[in-house]
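Here's the structure, in structure tokens; my notes come after.
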Amino acid sequence: GPCVLDANADNMQKYAQGSFELVKKDLAILDDQAEISAVCAACEAVGVLDAFAVRRELINYKKVCLHMMHRIQGTERKLSRLATFYFRDVQVAEIKRGESRKAGEFEHGERYTALAKALQR
């Protein structure tokens, strides 16, 4: 197989990684099956196998988060475009009965306000 010393950023995915089987493969050079069994048992006792399992799950979780981030960024871009498209100049507020507003006081249109609030979340 390929030599580990030839690994670089371009071909890293071709090499096995993150498995206790690789540790066992390295231990196979000991020739003494009793020593190999003792080392494997010690690793299992201190939770090395669990650590590999947790690592695998964290990598999967990271991939899911990355996928979600890409989808969310797309949605964010769409919301920004919509907010820009539906932006209307501010509307002068109508004076409702019983309210006194200063001259020139304004409020945004309903559609723009809804999009702006969605972008703030």
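Everything numeric in this text was worked out from a predicted model, so none of it was measured.
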query = Taking the side chain as C-beta and beyond, is there a heavy-atom pair between Glu57 and Val54 under 4.5 Å?
reply =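 Answer no - side chains too far apart.
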key: 4.5 Å side-chain heavy-atom contact, Met69 and Leu66   =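 The answer is yes; the side chains approach within 4.5 Å.
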Can you tell me how far apart [atom1] ([X]) and [atom2] ([Y]) are? Round to the nearest 0.5 Å.
{"X": "Leu82", "Y": "Lys78", "atom1": "CG", "atom2": "NZ", "answer": "9.5 Å"}
{"X": "Asn60", "Y": "Arg55", "atom1": "CG", "atom2": "CZ", "answer": "10.5 Å"}
{"X": "Ile72", "Y": "Leu79", "atom1": "CD1", "atom2": "CG", "answer": "11.5 Å"}
{"X": "Glu35", "Y": "Cys40", "atom1": "CD", "atom2": "SG", "answer": "11.5 Å"}

task = Measure across Ile29 and Asp26 and return the closest heavy-atom pair with its distance rounded to 0.1 Å.
result =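 Minimum heavy-atom separation between Ile29 and Asp26: CG1-O, 3.1 Å.
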query = Counting only N and O atoms by type, is there a donor-acceptor contact under 3.5 Å from the side chain of Asp50 to the main-chain atoms of Ala53?
reply =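 No, Asp50 side chain to Ala53 backbone: no donor-acceptor pair under 3.5 Å.
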inquiry  = List the residues meeting side-chain contact (heavy atoms from CB on, under 4.5 Å) with Ser19, not counting sequence neighbours, and say none if there are none.
reply    =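 With neighbours one apart ignored, the set is Glu21, Leu22.
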task = Check the surroundings of atom CD in Gln73: do more than 12 heavy atoms from other residues, nucleotides or ligands lie under 6.0 Å from it?
result =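 Counting neighbours around CD of Gln73, more than 12 heavy atoms of other residues, nucleotides or ligands fall under 6.0 Å, so yes.
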Are [Y] and [X] linked, directly or through intermediate hydrophobic residues, by side-chain heavy-atom contacts shorter than 4.5 Å (ILVMFWY only)?
{"X": "Phe52", "Y": "Ile59", "value": "no"}
{"X": "Phe20", "Y": "Leu30", "value": "yes"}
{"X": "Ile36", "Y": "Val46", "value": "yes"}
{"X": "Val23", "Y": "Tyr15", "value": "no"}

request  = Test Asn11 against Asn8 for side-chain contact (heavy atoms from CB on, under 4.5 Å), laying out the working first.
outcome  = CA-CA 6 Å; Asn11 65 8; Asn8 59 40; 3.2 Å; yes
